[in-house]
Amino acid sequence: MEDGKKEQKGDSTGTCIEFTPDTAIIGNYELDFSIIQEIVQTYSYLHRGLTYVLNGQEYLKPNGMLDLVNDKVGKECLYPPVYLTDGWLEIAFTHSIAGKGGILSFVNGHPTPSGGTHQKALEKCLTRMVCMNEFKRGRLFSGLFATVSLRIEIPYPAMTKLYSQDVDEENGPSIEEYISTCMLGIPQDVIDTLEGIASGRIPIQDSATE
């Protein structure tokens, strides 16, 4: 790793990182560029409006989690993706007509692939909104593609799962209350659609049977 170069006055702001592995230490190496590319793309979703440049290619996602849902589901959306935010919290979701769903969660700009309290709160709020039993819940989450990105005051190391119950240890509110309040902004026509999916009136293809 070479010493960073100080930018001259008037140059563009930002951080430039250059890294060349030392073959005397690690021997022969081969970089999988697709993995690096995927990581940079993920961070462009998490830091909306910030442009990342990797090998001359720019990654910019001005709409954050909404762009992530649109890029993943594309033309297979059953309804236009719902996007909710208050600055510290971003939620976006839709249903895929192909039945290919999943929930992606993030905390303080880091992926939490094992989920945690924020993902559980999102699932609980959706279930409480439209479902009365586990059978309906299963249909509701079939084909659901959702993202939740949360920033909290509590120091949070880059772990794979969120265990904290509160947004702020001193002032609250709880993560579930915070997400539940934000989700009050879901339009009524979307709630009607979710109820139709949960009841079976609006069919979703089960990707497991493809």
Side-chain angles (χ1 to χ4, degrees), residues 1-77 80-94 96 98 100-116 118-119 122 144-162 164 167 175 178-179 182 185:
M1 179 77 78
E2 296 181 355
D3 292 336
K5 298 179 181 179
K6 185 176 180 180
E7 299 288 346
Q8 298 299 316
K9 194 172 183 178
D11 289 344
S12 298
T13 58
T15 301
C16 178
I17 300 175
E18 296 181 359
F19 173 70
T20 302
D22 189 340
T23 55
I25 298 175
I26 65 173
N28 295 328
Y29 65 89
E30 182 178 352
L31 296 178
D32 188 337
F33 183 74
S34 64
I35 294 177
I36 301 173
Q37 191 176 32
E38 182 178 352
I39 292 172
V40 172
Q41 176 112 335
T42 297
Y43 280 109
S44 69
Y45 291 119
L46 291 168
H47 303 280
R48 56 186 178 183
L50 181 63
T51 301
Y52 287 81
V53 181
L54 176 63
N55 284 3
Q57 182 176 348
E58 293 188 355
Y59 297 82
L60 172 63
K61 298 297 178 180
N63 300 309
M65 295 294 102
L66 178 60
D67 286 332
L68 175 55
V69 171
N70 275 319
D71 290 348
K72 291 290 186 181
V73 183
K75 296 181 179 180
E76 294 182 345
C77 291
V82 175
Y83 179 64
L84 306 166
T85 181
D86 70 349
W88 283 53
L89 172 67
E90 281 188 88
I91 296 172
F93 68 87
T94 187
S96 165
K100 298 176 181 178
I103 299 178
L104 302 178
S105 60
F106 309 89
V107 172
N108 290 351
H110 297 283
T112 47
S114 297
H118 55 330
Q119 183 169 322
L122 175 62
L144 175 73
F145 186 87
T147 64
V148 54
S149 178
L150 176 67
R151 294 187 182 276
I152 57 178
E153 288 287 352
I154 301 170
Y156 178 73
M159 298 169 61
T160 60
K161 186 174 183 178
L162 176 65
S164 301
V167 175
I175 290 173
Y178 190 39
I179 290 178
C182 187

Closest non-hydrogen atom pair, [X] against [Y]:
X	Y	value
T112	V107	CG2-CG2, 4.1 Å
H118	S105	NE2-CB, 3.3 Å
L46	G109	CD1-O, 3.3 Å
G115	Q119	CA-OE1, 3.4 Å
M65	E90	N-OE1, 3.2 Å
I91	F93	CG2-CD2, 4.2 Å

Fit a plane to each ring of Y43 and Y52, take the angle between them on a 0 to 90° scale, and name the class: parallel (under 30°), tilted (30 to 60°) or perpendicular (over 60°). tilted

Okay, side chain of T85, backbone of L89: is any donor-acceptor separation there less than 3.5 Å? yes

For the pair N108 (side chain) and I152 (backbone), establish whether a donor and an acceptor sit closer than 3.5 Å, ignoring hydrogens and angles. yes

Residues in side-chain contact (heavy atoms from CB on, under 4.5 Å) contact with L54, at least two apart in sequence or another chain: F33, I36, Q37, V40, Y59

Do P62 and D67 have side-chain heavy atoms sitting under 4.5 Å apart? yes

How long is the gap from [atom1] on [X] to [atom2] on [Y], to the nearest 0.5 Å?
X	Y	atom1	atom2	answer
L60	T51	CG	OG1	4.0 Å
C182	D86	SG	CG	5.5 Å
L122	L144	CG	CG	7.5 Å

Indicate every side-chain donor-acceptor pair of residues 68-75 with a distance under 3.5 Å to a residue at least two apart or in another chain.
residue : atom : partner : partner atom : Å
N70     : ND2  : L66     : O            : 3.3
D71     : OD2  : Y45     : OH           : 2.7
D71     : OD2  : K61     : NZ           : 2.9

